[in-house]
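Below: the structure, in structure tokens.
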Protein chains: 2
Amino acid sequence: MDPRRLLVFREVARAGSLTAAARALGWTQPAVSQHLAALERSVGLPLVLRGPTGTSLTEAGEVLLRRADAVAAELHAAEEELASLAQLRAGRVRLHCFPSAAATLVPEAVRALATSHPGISVGLVEAEPPEALAAVGAGDADLALVFGYDAEPVGLGSLVWRPLLTEPVHLVLPPAGTVSSLDELAGADWIGGCERCRVHLVDCCREAGFEPALRHETDDYVVVQNLVARGLGVTALPESALTAYRHPEVRVLEEPALGHRVVGVAHRPGADQVPATAALLRELVTVVGGG
Amino acid sequence: MDPRRLLVFREVARAGSLTAAARALGWTQPAVSQHLAALERSVGLPLVLRGPTGTSLTEAGEVLLRRADAVAAELHAAEEELASLAQLRAGRVRLHCFPSAAATLVPEAVRALATSHPGISVGLVEAEPPEALAAVGAGDADLALVFGYDAEPVGLGSLVWRPLLTEPVHLVLPPAGTVSSLDELAGADWIGGCERCRVHLVDCCREAGFEPALRHETDDYVVVQNLVARGLGVTALPESALTAYRHPEVRVLEEPALGHRVVGVAHRPGADQVPATAALLRELVTVVGGG
DNA sequence: CGGACCCATAAGCCACACTTGGGTCATGGA
DNA sequence: TCCATGACCCAAGTGTGGCTTATGGGTCCG
């Protein structure tokens with residue numbers, strides 16, 4: 001049973017005649033007649049009795065009309081719901097992001113979205129880049145706010161990568177000292193951050209000619225700076241971590257050899273066409289400063 | 001939003017990929033791709049995210065899928081209901097018929113229908129021919145069992161007329177007497193039946209050269225025969241009324257001058273294609289004796 | 001790096017579906 | 001009675017939507 005013909009039948013029942021239904025549909029009368037005849041042929045029952053003064057429904061027609069009304073109601077409701085999503089009156093966007101982004105960039109963007117479009121619900125999950133990317137790939141999240149060192153993050157798979165900002169990585173040193181570059185820290189005690197940061201740090205040190213001795217490990221940039229301030233070691237931190245929190249006693253040194261951290265979002269292809277996702281993306285771009 | 005495309009989308013969501021949906025539909029992959037693209041264009045939102053390993057639904061897709069499932073369920077239920085009607089497992093037929101038909105012909109036919117198709121409910125209303133025809137014309141009944149004298153009943157309008165039987169009208173006389181034809185009854189007291197029977201009787205008498213004196217009026221053929229048996233008058237009755245009930249003391253005389261009564265059914269054009277109506281029609285034809 | 005699996009796009013072609021035109025039937029007014 | 005109106009159906013012409021074939025891009029896996 002062709003549902004389009006069902007709706008034509010419904011219009012006939014509503015209008016009370018084939019001609020009137022045709023007018024309502026913007027068609028000619030034979031078009032309606034043919035549709036109705038085809039529908040009746042397909043169900044094997046007359047649905048409408050044609051009289052000179054108009055039409056009346058058979059029992060089968062009355063039964064079918066109730067179903068047709070239900071179908072039309074579903075279609076109408078579907079259009080309403082989709083319009084709400086399209087106009088950002090409703091919707092959901094799930095963002096997985098790494099900890100230091102959650103501290104600064106993300107709250108601003110989410111706040112802006114909540115203000116401009118209160119119907120959108122934002123789901124926020126703190127996750128390291130590999131887990132965030134996996135969640136997006138599995139459909140458990142819409143956006144992954146992730147980073148890579150001097151390159152796109154690994155494990156993107158078929159996801160689309162959109163860089164947001166590139167920031168330098170700085171040396172973080174105790175207040176007292178005369179060190180001014182990486183290669184002077186071959187013998188220092190090092191504090192490692194998250195796994196990926198650690199790997200990058202080790203890579204940079206090897207490039208500089210030594211193997212760093214990792215004494216402590218924490219991915220909390222506040223803890224790290226406290227450790228450094230007490231003279232328990234040295235470390236490297238990306239600029240945004242130092243913007244989010246800067247211990248007053250640590251010494252920060254620009255060191256090009258530590259490279260850059262690239263921060264951006266990843267999403268499934270086409271997901272940036274989903275209004276709620278696109279809206280949050282726009283806000284993130286705005287927060288980091290323009291297009 | 002084209003509901004056929006909605007069902008294509010539903011199949012995509014169910015199958016998990018465009019290619020699999022195409023297989024299920026017996027189409028090629030581009031056909032599904034085009035339908036889905038058209039649907040997404042019409043709603044202005046992506047519904048399905050295409051990945052190399054298959055597809056996943058967007059939020060809009062999930063919303064729409066629920067509606068599509070509801071639509072599909074309605075369509076399926078409609079087909080079930082219509083199949084019940086087509087196979088006479090369910091249905092309704094409303095018959096309006098004149099009194100003496102209700103006494104004999106109709107009970108047999110209804111009984112036969114109830115036995116062979118217990119799911120069919122028959123609604124029976126006793127009504128004089130003009131009212132019965134009006135009810136059918138107004139859609140308040142499916143069949144009108146009516147009669148006319150020597151012709152189709154008047155007031156058929158656009159209804160279809162199907163004669164069932166033709167029966168002679170006989171003279172009904174008191175047991176004692178020597179009368180043997182109509183023209184000998186110019187001076188008799190007459191008993192009139194229903195309005196239409198009375199009109200026919202008067203016409204026949206005038207044809208025979210006199211104006212009948214109508215002393216009594218009743219449309220009950222049992223009452224009529226009792227009046228005649230007591231010698232209170234004479235009358236004319238169609239054969240079936242005498243078959244239904246025959247007072248042992250009245251004398252029945254064949255009188256060609258009284259003409260014939262034609263009994264048949266009327267229905268709206270096309271109504272004989274409605275299974276329940278057609279079934280009762282068949283039973284009526286069977287009861288009166290064949291095709 | 002080639003093969004297998006997704007998908008999208010372009011071009012071709014058929015058939016469906018809508019239009020046009022003509023005809024029947026019943027109703028209503030002059 | 002005659003015509004006008006409005007209902008429907010039927011038949012034939014035509015345009016376009018929609019399916020197919022063919023091709024190419026992309027990811028994942030061996």
Side-chain angles (χ1 to χ4, degrees), chain A residues 2-5 7-9 11-13 15-42 46-56 133-134 136-139 152 154-161 266 268-271 273, chain B residues 2-5 7-9 11-13 15-42 46-57 133-134 136-139 154-161 266 268-271 273:
Chain A
D2 187 330
R4 284 190 338 181
R5 297 200 161 124
L7 296 183
V8 172
F9 158 75
E11 192 58 39
V12 170
S17 86
L18 276 69
T19 304
R23 268 197 301 273
L25 292 167
W27 291 352
T28 57
Q29 173 268 317
V32 175
S33 176
Q34 290 168 18
H35 271 286
L36 189 56
L39 183 62
E40 289 179 321
R41 206 178 325 118
S42 83
L47 300 171
V48 167
L49 294 183
R50 286 79 161 169
T53 167
T55 57
S56 66
L133 292 175
V136 170
E152 298 176 354
V154 295
L156 275 177
S158 63
L159 300 182
V160 174
W161 166 246
R268 281 166 292 174
Q273 302 303 314
Chain B
D2 186 330
R4 284 189 336 180
R5 297 201 160 123
L7 297 183
V8 172
F9 157 74
E11 192 58 38
V12 170
S17 86
L18 276 69
T19 304
R23 269 197 299 272
L25 292 167
W27 290 353
T28 57
Q29 171 264 317
V32 175
S33 176
Q34 289 167 18
H35 271 286
L36 188 56
L39 183 63
E40 289 179 320
R41 207 178 323 120
S42 84
L47 301 171
V48 167
L49 294 183
R50 286 80 160 169
T53 166
T55 57
S56 65
L57 296 184
L133 291 175
V136 170
V154 297
L156 276 177
S158 62
L159 299 182
V160 173
W161 167 244
R268 282 167 292 174
Q273 302 303 313

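Note on naming: letters A, B, ... go to the chains in the order of the sequence lines (proteins, then strands), and numbering restarts at 1 for each one.
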Separation of A:L7 atom CG from C:dA17 atom P, in whole Å?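 The answer, rounded to whole Å, is 15 Å.
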
In whole angstrom, give the distance that lies between atom CG of B:L156 and atom C1' of C:dT27.
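Rounded to the whole Å, the gap is 16 Å.
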
*Does one side chain, of A:R5 or A:S42, offer a donor that lies under 3.5 Å from an acceptor on the other?*
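A:S42 and A:R5 do not have a side-chain donor-acceptor pair below 3.5 Å.
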
Which residue lies toward the 5' end of DNA chain C, A:T53 or A:D2, if each is placed at its nearest nucleotide?
->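 The residue mapped nearer the 5' terminus is A:D2.
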
### Message
Between B:S158 and B:G54, which residue's closest nucleotide on DNA chain C lies nearer the 5′ terminus?
### Response
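The 5'-side residue here is B:G54.
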
Any side-chain heavy atom of [X] within less than 4.5 Å of one from [Y]?
{"X": "B:S56", "Y": "A:R268", "value": "yes"}
{"X": "B:F9", "Y": "B:L57", "value": "yes"}
{"X": "A:W27", "Y": "A:H35", "value": "yes"}
{"X": "A:R4", "Y": "B:D2", "value": "yes"}
{"X": "B:R23", "Y": "B:T28", "value": "no"}
{"X": "B:L39", "Y": "B:V8", "value": "no"}

Give me the distances for all protein-to-nucleotides 18-21 of chain C N/O pairs that come in under 3.5 Å?
unit_1	atom_1	unit_2	atom_2	d
C:dC18	OP1	A:H35	NE2	3.2
C:dC18	OP2	A:H35	NE2	2.3
C:dT19	OP2	A:T28	N	2.9
C:dT19	OP2	A:T28	OG1	2.6
C:dT19	O4	A:Q34	NE2	3.1

| said: Please compare A:G157 and A:P52 by the position of their nearest nucleotide in DNA chain D and report the one closer to 5'. | reply: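 Final value for this comparison: A:P52.
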
So which one's nearest nucleotide on DNA chain D is more toward 5', A:L159 or B:R5?
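In this pair, the answer is B:R5.
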
Worksheet entry | Range on DNA chain D touched by chain A, heavy atoms, distance below 4.0 Å |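 Nucleotide range with atoms under 4.0 Å of chain A: D:dA7 to D:dC28.
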
A:E40/A:R50 salt bridge by N-O under 4.0 Å criterion |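 Counted as a salt bridge, because a side-chain N and a carboxylate O are separated by less than 4.0 Å.
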
